[in-house]
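Each remark here refers to the structure printed beneath this line.
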Amino acid sequence: MLNRSRRTRGIAATIAVLALGLTACSTGSDGKATSTSTAGGGQGGTIKVGFSQLGAESGWRTANTESVKASLTAENGIDLTFSDAQQKQENQIKALRDFIDQGVDVIAFSPVVETGWDEVLQEIKDAEIPVVLVDRTVDTLVVDPYVTWIGADFEAEGITAGEWVVENHPDAKIFELQGTLGSGAQVDRETGFDATVGADHIVGKASGNFTRAEGKAAMEAALQAYPDMNLLFAHNDDMGLGAIEAIEAAGKVPGKDIIIVTVDGVRDGLQALVDKKFNYVVECNPVFGDQILDAIKKVHSGAQLPRTTIVFDQAFDQTITQADVDARLY
Ligand code: GYE
């Protein structure tokens, strides 16, 4: 009998902390469901990799895709099939099944939501293809569904955001713009933030699906529904940027009438901080393609790997300068 209480999630016992240098990325992403593959196929030292990216919903995702493509190259010994699921789990499951059919050596993927992967993860396991889990986490009954996971500590990000709010705006009436419901990034940021600020400070919540357009729409509705709200916690920069448009359209001043706290730290987000429209940004670094490459090579060669590698994050307030923003690579 399967027992859902046996959860396997990304944050596990062994933790390696990576301080990332900023690396330039070259390739671009058009955000469409594309599949690119170089010639070869696991021969002569080349590792055949299927990478299922969950979408192109945000500046973070675009930077992450660029980093992955810049690292998983033929020069680095990788024959990459890259597939963009456009934020749809069914597309991602299909891509994973295609990778099994292609007989790739290693599968890497960033799951759009945490649950619903049991069947396909079991199929991958039965096909004896090792999995490198990237960015978001899974919640599955499959035992040992992946060899290693690389990503950020989302709960710690939520706590960092919450601690800034408690210290600087202890009486805030908070509206929370959630990311894609059921995603590791949404679930854990919300858990960390809510526990830190206390549920009674949160006047309302709605999901903006990590996109600018949906963040704007959700904020428009929230401004009507919660007229006393004076602080926004957005689970990513893009939703916060969409919210700025809604706040200004309502005749209010972002960063003053409504304090804005976000997560990610992409250049547009940090620019809003310099422009005093955002008040605090917790970083989530998307540039870890080199670490994914390293993990894939080690997984393929059977070398030992930590079960979990946490990407290092920092946080920024309005003391950030224009020069800092201009130096930002993503
Ligand atoms: O914060 C958000 C993106 O999973 C960490 O997904 C990622 C999140 C990121 O859409 O911008």
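Remember, it's 1-based here, ligands and their atoms both numbered in the order they're listed. Values below: all heavy atoms of this structure, side chains included; hydrogens, waters and symmetry mates excluded.
Judged by distance alone, the side chain of N230 and the main-chain N or O of K173 form a donor-acceptor pair under 3.5 Å.
Within 6.0 Å of NZ in K88 there are 12 or fewer heavy atoms belonging to other residues, nucleotides or ligands.
Checked against the 6.0 Å centroid criterion, the rings of F233 and W164 do not qualify as a close aromatic pair.
Protein residues having a heavy atom under 4.0 Å from any atom of ligand 1 are E57, S58, W60, R61, D135, R136, F154, A185, R189, F210, N236, D264, C284, listed by chain and number.
I93 and V142 end up in the same hydrophobic cluster when Ile, Leu, Val, Met, Phe, Trp and Tyr side chains are linked at under 4.5 Å.
Inter-residue side-chain proximity for C284 and R189 is flagged as met; some heavy-atom pair is nearer than 4.5 Å.
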Walk me through whether R328 and D324 qualify under salt bridge (charged side-chain N to carboxylate O under 4.0 Å, His left out). CA-CA 6 Å; R328 196 79 169 162; D324 295 330; over 6 Å; no
